[in-house]
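Notes follow the structure.
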Amino acid sequence: MPELAELKLTADYVNFLSEGKVFSHITKNPEHKWKEVKFNDFTIRAESRGKELKLKLDPVGGEESRDLIMTMGMGGNFQWADKDTQIKHTHLFFHTPGNEHLAFVDIRRFGKWKWGNWNESRGPDPTTEYEDFRVNVIRNLGKVSFNKPIYEMLMDQRYFNGIGNYLRAEILYRIPGANPFLSAREFIVNHGDRLFELCKDIPLHVYEIGGGTIKDWENPFGGKSNISDFMKCYGNPDMLRLSDRGGRTFWYDPKWKLETVFV
DNA sequence: TGTTTATGCCGAC
DNA sequence: TCGGCCTAAACAC
């Protein structure tokens, strides 16, 4: 479930499933490591920020609410299930007093959760905190980490919270006059305004069309998305690709082929 | 049957 | 900065 648009959809879907319901307690899949979560008799409201999800658990008794901060890893998602149709790889069960539960399902177990608030080391959300997002990048342009090429920088969650592997490819592809192998600093000095816009508009657009349906991810609300019309670069056999320093595949326009000599 | 690949972090060196 | 954390599907042979 992955990048900014899908996190937003996940928040919507959790809210849709949880609307008007009171949950009795939480259990964790005992076969799996990671932390227990204890909480009783509460409602749930979800919100996303970049690639994080916040579940605000509000006790019906009137005590203080607590926030469970989650990440979805490569494929985490929420589903509604009951005792008879338990879903494989469910890690957290938010039980209702009946036999039903909200299930956090994550095949690869890369998703995580903790009590608290948004991870301070992640930057502002480019869609909901646009000005903060821009300023955070611009104010830090002098830092050494902006020496690395822009195609790697877009994966840096301190500045581009919510951008991931398919979004970076689609964003850079839509600035056709700009070399994705330029240093992040030089790229932003010359094309910053367009880049910032796209970091907001592209995820919002994908959100509108129901998320990037790749591999495990499906729009929880169902329905067909036109993601194949949107996905111009990522996964396109006509594009070039390389393995970046994080071992992730970067997809790019073949016209920049010669530029990779300097990578 | 074996290898590669996948929307992402994390932490040990 | 590199390997580790995980499972499953798509390929390769």
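Per chain, numbering begins at 1; letters A, B, ... match sequence-line order. Keep in mind the model is a prediction, meaning the values are calculated, not measured.
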If the cut-off is 4.0 Å, is A/His89 near the phosphate of C/dC6, judged by side-chain N/O to OP1 or OP2?
no

Quick check on C/dT7: is either OP1 or OP2 less than 4.0 Å from any side-chain nitrogen or oxygen of A/Lys88?
no

To the nearest Å, give me how far apart CG (A/Asn77) and C1' (C/dC6) are.
15 Å

So, do A/Phe110 and C/dC6 meet the stacking rule of ring centres under 5.5 Å and planes under 30°?
no

Would you indicate what A/Lys148 reaches in the nucleic acid, counting non-hydrogen atoms under 4.0 angstrom: base, sugar-phosphate, or nothing?
nothing

Has A/Arg108 got a side-chain N or O lying under 4.0 Å from the OP1 or OP2 atom of C/dC5?
no

Quick check on the 6.0 Å ring-centre criterion: do A/Tyr159 and A/Phe146 meet it?
yes

Distance, P atom - from B/dT5 to C/dG3, rounded to whole angstrom
15 Å

With no hydrogens and no angle check, just 3.5 Å: does a side-chain donor-acceptor pair link A/Asn77 and A/Tyr13?
no

With a cut-off of less than 4.0 Å, is there a side-chain N or O of A/Gln157 near OP1 or OP2 of B/dG8?
no

Side-chain polar contacts of residues 60-74 of chain A - donor-acceptor pairs under 3.5 angstrom, sequence neighbours left out - could you list them?
from    : atom 1 : to       : atom 2 : distance (Å)
A/Asp67 : OD1    : A/Lys56  : NZ     : 3.0
A/Thr71 : OG1    : A/Lys112 : N      : 3.3

Any side-chain N or O of A/Thr249 less than 4.0 Å from the OP1 or OP2 oxygen of B/dA6?
yes

Whole-angstrom distance between C/dG4 and B/dT4, as gauged at atom P:
16 Å

A/Lys51 vs B/dG8: side-chain N/O to OP1/OP2 distance below 4.0 Å
yes

Does A/Lys200 make a cation-pi contact with A/Tyr130, if we ask for NZ or CZ under 6.0 Å from the ring centre and within 45° of the axis?
yes

Does NZ or CZ of A/Arg174 fall inside the cone over A/Phe230's six-membered ring, less than 6.0 Å from its centre and within 45° of the axis?
yes

Looking only at side-chain N and O atoms, does A/Arg122 come under 4.0 Å of OP1 or OP2 in B/dC9?
yes

Rounding to an integer number of angstrom, what distance separates C/dA9 and B/dC9 when you compare their C1' atoms?
22 Å

Mind checking the P distance from B/dC13 to C/dC5? Whole angstroms is fine.
13 Å

Under 4.0 Å from OP1 or OP2 of C/dC5: is there any side-chain N or O of A/Arg109 that close?
no

